[in-house]
Protein chains: 2
Amino acid sequence: MEKEKTDKRDHILDVAERVFSEHGFDGASTRLISGEAGVNMAMLNYYFGSKEGLLLSLFERRTSTFHSLIQGIGNNENMSSWQKVSEYVEAYINRVFSNNCFQKVVHQELAVRRTGELADKITDMIMQNVIEFRKILHEGIERGEFKNDIDTEMVVATVFGVKAQIVNASHISSLMLGYDTQDPQNMVDKLKPRVTEYLKKLLKAYLLTEHDNAK
Amino acid sequence: MEKEKTDKRDHILDVAERVFSEHGFDGASTRLISGEAGVNMAMLNYYFGSKEGLLLSLFERRTSTFHSLIQGIGNNENMSSWQKVSEYVEAYINRVFSNNCFQKVVHQELAVRRTGELADKITDMIMQNVIEFRKILHEGIERGEFKNDIDTEMVVATVFGVKAQIVNASHISSLMLGYDTQDPQNMVDKLKPRVTEYLKKLLKAYLLTEHDNAK
DNA sequence: ATATATTAATCAATCGTTTGATTAAATTTG
DNA sequence: CAAATTTAATCAAACGATTGATTAATATAT
């Protein structure tokens with residue numbers, strides 16, 4: 001009967017992640033979270049100290065196994081800059097689709113004015129991603145592989161923005177695309193490959209020099 | 001001394017728009033809103049019935065003078081499809097930058113699961129925009145002006161997404177771009193022209209056929 | 001038996017909303 | 001026009017409900 005060896009603490013984090021993503025931090029009460037998780041309300045404070053502590057723990061769990069993922073791509077010596085961009089997009093979309101509840105929470109926290117430890121943590125997390133991606137783009141310019149008048153910051157914003165529009169505003173994207181973009185089956189079979197392919201084509205058209213592009 | 005002829009009701013809406021955009025709907029208390037607006041708390045319910053009614057009134061004010069703006073571009077007979085896209089981007093970015101507080105509120109409401117009249121209103125508002133833009137893109141494909149393998153829905157998501165990433169996640173964009181993207185001066189002088197120019201170049205590279213592109 | 005985990009009950013604070021009274025403005029009446 | 005009456009606007013105070021958090025007691029496990 002030991003169906004799960006996952007800690008109860010982890011179970012709470014899973015549920016909290018989903019509830020936060022659906023109602024937002026302020027909209028999700030501790031009673032709702034504990035109720036959905038099937039645990040006593042006091043357990044939240046027992047494990048995480050406070051509601052904000054719960055949100056903080058939620059972030060720490062995800063960010064712990066994240067850095068090395070992207071880091072490796074940029075430092076690879078045997079790849080062209082375009083290959084790096086392509087790999088980066090692939091890895092980024094992969095990560096987004098593998099835990100989209102967490103992505104929604106991040107997205108919501110970015111949209112409101114917050115201060116404190118958590119806000120700094122989120123900022124750091126995003127900015128490391130930004131810097132790493134931008135480095136690849138600058139390298140591509142120096143190598144002459146990319147056009148030299150590209151707006152690197154905007155390119156970064158494009159990848160993040162398209163992802164946010166599709167994954168985070170799921171109600172709209174479902175109507176736009178004609179199927180439930182929240183359904184896990186659709187996400188893997190239809191949405192994920194479509195977004196990945198589109199982003200690659202889009203960036204290829206914008207980034208590459210005419211010479212490379214015509215090949 | 002008649003500095004403002006704006007109704008007090010309108011003043012409350014202005015303040016509420018800002019406070020909602022900063023704290024989110026659930027995070028903004030009626031006490032905070034009424035306090036910032038310098039009016040008694042009961043005035044909110046007197047004018048708008050409820051907190052949700054306030055949010056609703058806020059949306060109705062903005063959507064009333066919105067439809068005709070975009071509508072005219074798509075139906076213009078004397079413009080090429082690319083000109084239409086270009087004009088659309090210009091008009092869209094213009095609108096976004098002219099009332100970015102409202103845009104933030106919309107953005108936040110899209111990110112949480114809500115039901116009821118307001119949710120439907122927001123969905124309608126966005127989808128009308130989506131449909132109108134998509135129509136232009138399809139027309140461009142039929143005319144042979146655009147590539148025939150472009151992903152029209154993703155193109156729409158790109159324009160919306162880039163805007164959201166820059167305007168709504170202002171904390172990140174400020175760090176990325178190196179200046180305060182909330183400062184009205186910067187918005188008009190730097191941010192707005194930069195986003196507009198970038199989106200045009202990006203879409204031009206992706207949409208146009210090689211023939212048109214090489215001109 | 002000691003430490004850890006879990007519970008029901010309760011806390012003060014804050015939430016959105018309502019109330020009843022008061023003032024200002026507009027309308028009706030004489 | 002002036003007095004009387006109605007309507008609209010505004011306020012301080014309080015409402016019940018819900019919030020996040022804490023307690024003290026109990027159960028479980030080592």
Side-chain angles (χ1 to χ4, degrees), chain A residues 1-59 105 108-109 112-119, chain B residues 1-59 105 108-109 112-119:
Chain A
M1 245 279 179
E2 67 276 19
K3 47 181 175 182
E4 311 182 37
K5 197 71 219 91
T6 57
D7 206 23
K8 175 169 283 188
R9 206 188 105 107
D10 251 41
H11 170 65
I12 296 177
L13 284 177
D14 287 336
V15 174
E17 205 168 59
R18 200 198 75 236
V19 177
F20 277 144
S21 78
E22 288 173 355
H23 300 82
F25 180 77
D26 293 309
S29 70
T30 54
R31 280 172 179 79
L32 179 59
I33 296 172
S34 59
E36 297 255 322
V39 303
N40 190 279
M41 215 176 46
M43 296 310 293
L44 300 192
N45 293 310
Y46 176 73
Y47 280 125
F48 310 104
S50 68
K51 187 186 180 183
E52 186 168 343
L54 169 60
L55 185 59
L56 205 69
S57 300
L58 201 149
F59 272 86
V105 179
Q108 287 165 0
E109 285 302 302
V112 290
R113 175 184 289 278
R114 291 262 161 78
T115 53
E117 184 186 354
L118 180 62
Chain B
M1 237 243 200
E2 68 276 17
K3 46 180 175 182
E4 310 183 36
K5 196 71 219 89
T6 57
D7 205 22
K8 175 167 284 190
R9 205 188 106 109
D10 251 40
H11 170 64
I12 296 178
L13 285 177
D14 287 337
V15 174
E17 206 168 59
R18 200 197 75 236
V19 177
F20 277 144
S21 78
E22 287 174 356
H23 300 82
F25 179 77
D26 293 309
S29 70
T30 54
R31 280 172 179 80
L32 179 59
I33 296 172
S34 60
E36 297 257 323
V39 303
N40 190 277
M41 221 173 36
M43 290 286 91
L44 302 191
N45 296 83
Y46 177 75
Y47 280 125
F48 310 104
S50 67
K51 187 186 180 184
E52 186 168 343
L54 170 59
L55 185 59
L56 205 70
S57 300
L58 201 148
F59 272 86
V105 178
Q108 287 165 0
E109 285 301 303
V112 291
R113 175 183 289 280
R114 291 263 161 79
T115 53
E117 183 185 356
L118 180 61

In whole angstrom, give the distance that lies between atom CZ of Phe48(A) and atom P of dA5(C).
-> 12 Å
In whole angstroms, how far is the P atom of dT14(C) from the NE2 atom of His23(B)?
-> 15 Å
Mind listing the side-chain donor-acceptor pairs of residues 36-49 of chain A below 3.5 Å, one per line with the distance, residues two or more places apart or on another chain?
{"from": "Glu36(A)", "atom 1": "OE1", "to": "Arg18(A)", "atom 2": "NH2", "distance (Å)": "2.2"}
{"from": "Asn40(A)", "atom 1": "OD1", "to": "Ala42(A)", "atom 2": "N", "distance (Å)": "2.9"}

Please round to the nearest 0.5 Å and tell me the distance separating atom CD1 of Ile33(A) and atom CD of Glu17(A).
-> 11.5 Å
Under 4.0 Å between a Lys/Arg side-chain N and an Asp/Glu carboxylate O for Asp26(B) and Arg114(B)?
-> yes
Its contact letters, B for base, S for sugar-phosphate only and - for none at protein heavy atoms under 4.0 Å, make nucleotides 9-21 of chain D read BBBBBB----BBB
Can you name the closest pair of heavy atoms from Val105(B) and Ser21(B) and give their distance?
-> CG2-N, 3.7 Å
Of all the heavy-atom pairs spanning Phe20(B) and Gln108(B), show the shortest one and how long it is.
-> O-OE1, 3.1 Å
